[in-house]
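What follows is a set of notes on a single structure, which appears directly below.
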Amino acid sequence: MKRPWVKPQQVKEYTSSPEVKNRSDTQLAYDIARAEKYVIFHTHNQFKAAEYSSKLPSDVIMAVILLAEAYAKQAIVQKNGAMSSETFDEYSYTIDTNFDIADSLGLGAMLEEYVLPEDSGKTVMKIRKL
């Protein structure tokens, strides 16, 4: 399947965030490219097999849209500056900003059946004396 698998309009139709809807198509295209690259890296699958020539599985498309939206939100927060902790009288809280977005979205379960064995690119030969 030729990339990009998802169009910026699909992300805009899915999201409920006005900030994501207002991102330019170029910015969303970068978010989509990052999301697709993550899916390829995670699954070791470029979805170039004949079975994917006409259409990708809906789970893969959904994972790309969810991750692209998350990347867009992350970019917006980084641009605007995020508050990581705050104190109210005797109470305080801290937001953990060091986390994997894809893990928090639960993409592993959506992509599990498309994961291929990792190809190390090496051939190992064991020789023994007869």
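We number each residue from 1, following the sequence as shown.
- Once rounded to the nearest 0.5 Å, the distance linking CG of Asp31 with CZ of Arg23 reads 4.5 Å.
- Crowding of Tyr14 atom OH: a count of heavy atoms from other residues, nucleotides or ligands under 6.0 Å not exceeding 12.
- With hydrogens and angles disregarded, no donor-acceptor distance shorter than 3.5 Å links the side chain of Thr15 to the backbone of Val11.
- Val77 and Tyr30 fall into different hydrophobic clusters, defined by Ile, Leu, Val, Met, Phe, Trp and Tyr side-chain heavy atoms under 4.5 Å apart, directly or through other members.
- The two residues Ala68 and Ala35 have their closest heavy-atom pair at N-CB, 3.6 Å.
- Clustering ILVMFWY residues whenever any of their side-chain heavy atoms sit less than 4.5 angstrom apart, transitively, puts Met110 in a cluster other than the one holding Val115.
- Between atom CD1 of residue Ile65 and atom CD1 of residue Ile32 there is a gap of 8.0 Å, rounded to the nearest 0.5 Å.
- With rounding to the nearest 0.5 angstrom, the CD atom of Glu69 is 13.0 Å from the NZ atom of Lys12.
- Atom CG of residue Leu67 and atom NZ of residue Lys37 lie 14.0 Å apart, to the nearest 0.5 angstrom.
- Trp5 approaches Val39 most closely through the heavy-atom pair CZ3-CG1, 4.2 Å.
- When all heavy atoms of Ser17 and Lys73 are compared, the pair lying nearest together is CB-CE, 3.8 Å.
- Between atom CD1 of residue Ile76 and atom OH of residue Tyr71 there is a gap of 15.0 Å, rounded to the nearest 0.5 Å.
- One distance of note links CG of Asp59 with CG of Leu107; it measures 10.5 Å at 0.5 Å rounding.
- Residue Tyr52 qualifies as enclosed at atom OH: its count of foreign heavy atoms under 6.0 Å is above 12.
- A donor-acceptor pair is defined here as one N or O able to donate and one able to accept, closer than 3.5 Å; no such pair exists between the side chain of Glu36 and the backbone of Ala33.
- Residues Ala29 and Pro8 approach most closely at N-CG, 4.3 Å, considering heavy atoms.
- When side chains are defined from C-beta on, Leu116 does not count as touching Thr43, because their heavy atoms never get closer than 4.5 Å.
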